[in-house]
J.: 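Before we start, here is the structure in question, set down as structure tokens.
For the numbers below, each heavy atom of this structure counts, side chains included, while hydrogens, waters and symmetry mates do not. Counting starts at 1 for both ligands and their atoms, in listed order. Sequence positions, counted from 1, serve as the residue numbers for this chain.
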Amino acid sequence: MLKRYLLAPGPTPVPPEALLAMAAPIIHHRTPEFSAIFRRVADRSRVLFGTEQPVMMLASTGTGGMEAAVTNTLCKGDRVIVVEGGKFGERWSEICEVYGLQVTRIEVEWGTAVDPAAVASALEQHADARAILMQGSETSTTVLHPVAEIGRLIKDSDCLLIVDGITSVGVVDMPMDRSCIDVLVTGSQKAIMLPPGLALVSLSEKAWKANERSDLPRYYFDLAKERKNLEKDTSAYTPAVSLITGLDAVYDVIEKSGGLPEVYRRHLILAEAARTGALAIGLRLLAPDSPSPAATGVWLPEGIDGGAFTKLVRNTFGVELAGGQGHLKGKIVRIGHIGYADTFDVVVALTVIEMALTKMGHRVTPGAGAGAAQEVLLRLYDGS
Ligand SMILES: *Cc1c(COP(=O)(O)O)cnc(C)c1O
């Protein structure tokens with residue numbers, strides 16, 4: 001028997017309440033019954049996003065939401081500034097280039113957060129920039145970027161702040177309106193604790209104004225059309241019925257377990273525990289200075305091949321951790337502690353890292369990681 005543990009930073013495990021809700025027979029989407037669910041989920045999503053604006057739901061993965069963010073707010077030939085500090089930052093540049101935008105990259109060393117001063121200076125050099133595109137949390141490098149500080153830079157200008165919040169929405173307290181985010185995107189298979197296939201997108205008033213001017217081609221991903229339909233408690237095309245029903249159940253789960261403040265607190269504690277444990281194993285952190293609460297990246301010891309390591313962890317121990325992407329491939333391992341994750345997920349991750357290292361001939365002290373993490377993890381139960 002090999003019991004499976006999904007401890008990657010996406011897709012993530014789904015709570016049983018949501019699995020059960022999604023197992024219900026499909027109901028037709030143009031019915032009062034579904035409209036009521038659709039409306040409730042859309043309203044609850046505004047709370048999750050921290051916005052007064054409507055949150056649109058698209059049947060796509062997060063990348064579709066990223067593409068919609070670009071095509072609905074920008075014009076052919078526009079200059080944009082992209083924060084590129086990992087695989088997903090590069091994705092912003094790729095999308096923008098496909099649509100003929102002029103991309104100015106701020107190259108950030110992988111494993112570090114962008115310096116707001118670098119963004120300020122890029123804005124000075126490119127006064128024509130129409131948007132800054134960045135990640136809230138760059139999952140490939142397990143870095144948290146200072147979104148609100150960038151928000152303050154563009155607050156009183158026409159420049160939009162477009163944020164991929166796929167591993168920050170529902171992870172860190174980064175409310176869209178107060179952080180001056182103009183377009184915020186997330187996807188269902190990360191902190192939202194659902195299967196892949198749903199993207200959520202919201203636009204600020206400033207972004208809706210830009211939407212009126214925007215001339216990039218779009219058909220399915222037409223957010224103005226979605227907003228109009230959302231006002232009538234429906235969507236332009238067939239919505240992802242089961243995922244939306246599942247999202248309603250997820251919001252119940254969050255509410256019953258202390259609400260969003262508790263969600264943010266849990267992520268911070270799990271991340272701190274993962275880092276404390278990794279250091280106790282003797283591993284170096286990939287992002288020591290600005291770590292993401294969604295996932296923790298660690299450098300593998302010299303001589304340990306990352307590909308063989310994650311394969312051993314998966315095939316022998318049944319645990320899914322994530323390896324590195326781009327030039328980090330083979331060199332790091334990432335522990336996901338996002339969404340439906342708790343104490344014992346972190347304990348499993350740290351322990352399997354020790355056991356796999358041991359099996360690969362690297363000497364570690366058994367239990368060092370989970371042992372060191374315990375004190376941090378106990379804080380989760382303070383007051384309960
Ligand atoms: C997972 C992820 C994506 C990609 O989302 P898909 O759902 O695979 O399209 C984009 N950005 C970040 C930060 C992610 O973590």
J.: Heavy atoms only, cut-off 4.0 Å: how does Thr63 contact ligand 1, side chain, backbone, both, or neither?
T.: both
J.: Could you tell me if Asp177 and Thr51 have a donor-acceptor pair between their side chains, going purely by distance under 3.5 Å?
T.: yes
J.: With only distance considered, is Gly62 within less than 3.5 Å of ligand 1 through an N or O on each side?
T.: yes
J.: Go through ligand 1 atom by atom and flag the ones less than 4.0 Å from a non-hydrogen atom of Arg91.
T.: 4 (C)
J.: Under a 3.5 Å threshold, yes or no: a donor from one side chain and an acceptor from the other, between Thr296 and His337?
T.: yes
J.: Are Thr343 and Tyr381 close enough that a side-chain donor and a side-chain acceptor fall under 3.5 Å?
T.: yes
J.: Show which atoms of ligand 1 fall inside a sub-4.0 Å distance from at least one heavy-atom site of Thr139.
T.: 12 (C), 13 (C), 14 (C), 15 (O)
J.: Examine Lys232 relative to Phe38 and say whether NZ or CZ is less than 6.0 Å from the centre of the six-membered ring and inside a 45° cone about the ring axis.
T.: no
J.: Are Arg46 and Ser202 close enough that a side-chain donor and a side-chain acceptor fall under 3.5 Å?
T.: no
J.: Would you call Glu231 and Lys228 a salt bridge, using N to O less than 4.0 angstrom?
T.: no
J.: I need the nearest protein heavy-atom contact for atom 11 (N) of ligand 1: residue, atom name and distance, please.
T.: Asp164 OD2, 2.6 Å
J.: Could you tell me whether Asp382 and Arg379 have a side-chain N and a carboxylate O separated by less than 4.0 Å?
T.: no
J.: Measure the distance from atom 2 (C) of ligand 1 to every protein heavy atom, then report the residue, atom name and distance (to 0.1 Å) of the closest one.
T.: Lys190 NZ, 2.5 Å
J.: Counting non-hydrogen protein atoms only, what is the nearest one to atom 8 (O) of ligand 1? Give residue, atom name and distance.
T.: Gln189 NE2, 3.7 Å
J.: In terms of residue, atom name and distance, what is the protein heavy atom nearest to atom 3 (C) of ligand 1?
T.: Phe88 CE2, 3.3 Å
J.: Quick one: does ligand 1 sit under 4.0 Å from the side chain of Pro9, the backbone, both or neither, non-hydrogen atoms only?
T.: neither
J.: Please determine whether side-chain contact (heavy atoms from CB on, under 4.5 Å) holds for the pair Ile154 and Asp182, giving the CA-CA distance in whole Å, both sets of side-chain angles, and the decisive distance to 0.1 Å.
T.: CA-CA 10 Å; Ile154 52 88; Asp182 293 298; 3.7 Å; yes
J.: Which atoms of ligand 1 sit under 4.0 Å from any heavy atom of Ser137?
T.: 13 (C)
J.: Quick check: does Gln135 get an N/O under 3.5 Å from an N/O on ligand 1?
T.: no
J.: Of all the heavy atoms in Glu138, does at least one lie under 4.0 Å from an atom in ligand 1?
T.: no
J.: Between Leu48 and Ile192, does the side-chain contact (heavy atoms from CB on, under 4.5 Å) criterion hold? Intermediate values first, please.
T.: CA-CA 10 Å; Leu48 177 72; Ile192 282 179; 4.0 Å; yes
J.: What atoms in ligand 1 come closer than 4.0 Å to a heavy atom of Thr167?
T.: 15 (O)
